Amino acid sequence: MSDTETRTSVRESESETTTESTGECPECDGSVVHDEEHGETACENCGLIVDEDEIDLGPEWRAYDARDRAEKSRVGAPATKLIHDEGLSTNVGWQDRDGYGRTLSADQRRRAQRLRKWNERYRTQDSKDRNLRQALGEIDRMASALGLPKDIRETASVIYRRALDENLLPGRSIEGVATAALYGAARQAGTPRSLDELERVSRVGRRKLTRTYRYVCRELGLEVEPTKPEQYLPRLTSALELDEDVERRARSLLSTARREGLHSGRNPVGLAAAAVYASSLLTNHKVTQEAVGEAASVSEVTIRNRYTELLDVVED
DNA sequence: ATGGTTTTTACTGCGTC
DNA sequence: GACGCGGTAAAAACCAT
């Protein structure tokens, strides 16, 4: 087969797909031509359409972008969730054979060995990269939604990186671990955000969050002090637009409460909310229980309970 | 899973503006 | 009558075992 022959045959087949002479026009003796793109068979000369009901051999669906195509297309290798890239990446075969089934020379075998190794390395590297990128994006998003400063985001990303390195991710969602990392980082920095607040900006539910948080803490040996009610005071008072002295008074209430053992077993946020409410009464800057409860996302009943206890121990 | 504890939900009555 | 507050019972959530 010569070069020129193949070239001309390709040319012909190309032209045939667009216009194909299928006979003579019944009207004018011109040649009838098939136009695949428009799905018509028409006379070249007079434009008479002989046949327009063409069988379309293309896919019956339309794809508007790559993602669409991937979803609608029914061809290609089966994807599996069991492999991190769903089995869609390159693999270097383990048999030391070439494409024709011949065994490889020692030299080629070594080369294939290296290829396998590096391919594997790059593939996991890639997935970790993508994973990290997504997680850091999530952390950033949630942190800015919660108004957390940069250094906390950095702590969170360090925690996440460690979790990734220790292989804590399999079986857990990126989002979940990212949220847990941020929660822990905020607590470590002494500016904790409550679970409610985290839940509001995260895509994972409370149960999942607390579970993965505990898990990550345990596995990484994260030392996080239990949150103190005092840590919520600044944000509560500013959210309610209360003066400095309200916060100060609340702080002193909380310290005596601690001496009396009111802290144990109670939700720190509820205690803080009660302290703010009590302090607002004592300093004549009254706010309603409802408002405090709203700001702290704690029920009024809890505020009432804590605050009566608070006043009890402060009395004497 | 279970039991004990805390928190929430929902409803009530009381006093005040 | 609406509002803020106190109280209660039952449900729900949480935690250690």
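Values in this document were obtained by computation on a predicted structure and should not be read as measured data. Chain A is the first sequence line, chain B the second, and so forth, proteins listed ahead of strands; every chain is numbered from 1.
For the pair A:L253 and A:A275, the tightest heavy-atom approach, listed with the atom from each and the gap, is CD1-O, 3.8 Å. In this structure, A:Q231 and A:P192 approach most closely via the heavy-atom pair OE1-CG, 3.5 Å.
Legend: residues meeting salt bridge (charged side-chain N to carboxylate O under 4.0 Å, His left out) with A:R153, ordered by chain and number and at least two apart, are A:D140. Taking A:Y213 as the reference, A:Y183 meet the ring-ring contact (aromatic ring centres under 6.0 Å, His included) condition, with sequence neighbours excluded. Listed by chain and residue number, A:Y277 satisfy the ring-ring contact (aromatic ring centres under 6.0 Å, His included) test with A:Y307 (two or more places apart in sequence, or in another chain). The salt bridge (charged side-chain N to carboxylate O under 4.0 Å, His left out) test applied to A:D245 returns no partner, not counting sequence neighbours. Partners of A:E300 by side-chain hydrogen bond (donor to acceptor under 3.5 Å, both in side chains), not counting sequence neighbours: none found. Here A:K286 pairs with nothing under the salt bridge (charged side-chain N to carboxylate O under 4.0 Å, His left out) rule; sequence neighbours left out.
Atom CG in A:N305 sits about 10 Å away from atom C1' in B:dT6, given to the nearest Å.
The shortest distance between the side-chain N/O atoms of A:S299 and the OP1/OP2 oxygens of B:dT7 is not below 4.0 Å. For the pair A:R306 and B:dT7, the criterion of a side-chain N or O lying under 4.0 Å from OP1 or OP2 is met.
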Using nucleotides 4-7 of chain C, report all nitrogen or oxygen pairs with the protein that are shorter than 3.5 Å.
from: C:dC5; atom 1: OP1; to: A:Y277; atom 2: OH; distance (Å): 3.1
from: C:dC5; atom 1: OP1; to: A:K286; atom 2: NZ; distance (Å): 2.1
from: C:dC5; atom 1: OP2; to: A:Q289; atom 2: N; distance (Å): 3.0
from: C:dG6; atom 1: OP1; to: A:Y307; atom 2: OH; distance (Å): 2.8
from: C:dG6; atom 1: OP2; to: A:Q289; atom 2: NE2; distance (Å): 2.3
from: C:dG7; atom 1: O6; to: A:R304; atom 2: NH2; distance (Å): 3.3

Polar atom pairs (N or O), protein with nucleotides 11-17 of chain C, under 3.5 Å:
from: C:dC14; atom 1: OP1; to: A:R206; atom 2: NE; distance (Å): 2.7

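Residue-environment remark: NZ (A:K208) stays at or below the threshold of 12 foreign heavy atoms within 6.0 Å. The number of heavy-atom neighbours closer than 6.0 Å to CD of A:E294, taken from other residues, nucleotides and ligands shown, is 12 or below.
Applying the salt bridge (charged side-chain N to carboxylate O under 4.0 Å, His left out) test to pairs two or more places apart or on separate chains, those with a residue in residues 173-189 of chain A are A:R141-A:E175, A:E175-A:R203. Within the structure, salt bridge (charged side-chain N to carboxylate O under 4.0 Å, His left out) contacts touching residues 209-220 of chain A (residues at least two apart or in different chains) do not occur.
Residues from residues 264-273 of chain A that place a heavy atom under 4.0 Å from any atom of DNA chain B, listed by number: A:G265, A:R266, A:N267.
At least one side-chain heavy atom of A:L182 sits less than 4.5 Å from a side-chain heavy atom of A:I152.
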Taking protein heavy atoms under 4.0 Å as touching, what does nucleotides 12-17 of chain B look like 5' to 3' if B marks base contact, S marks sugar-phosphate-only contact and - marks none?
------
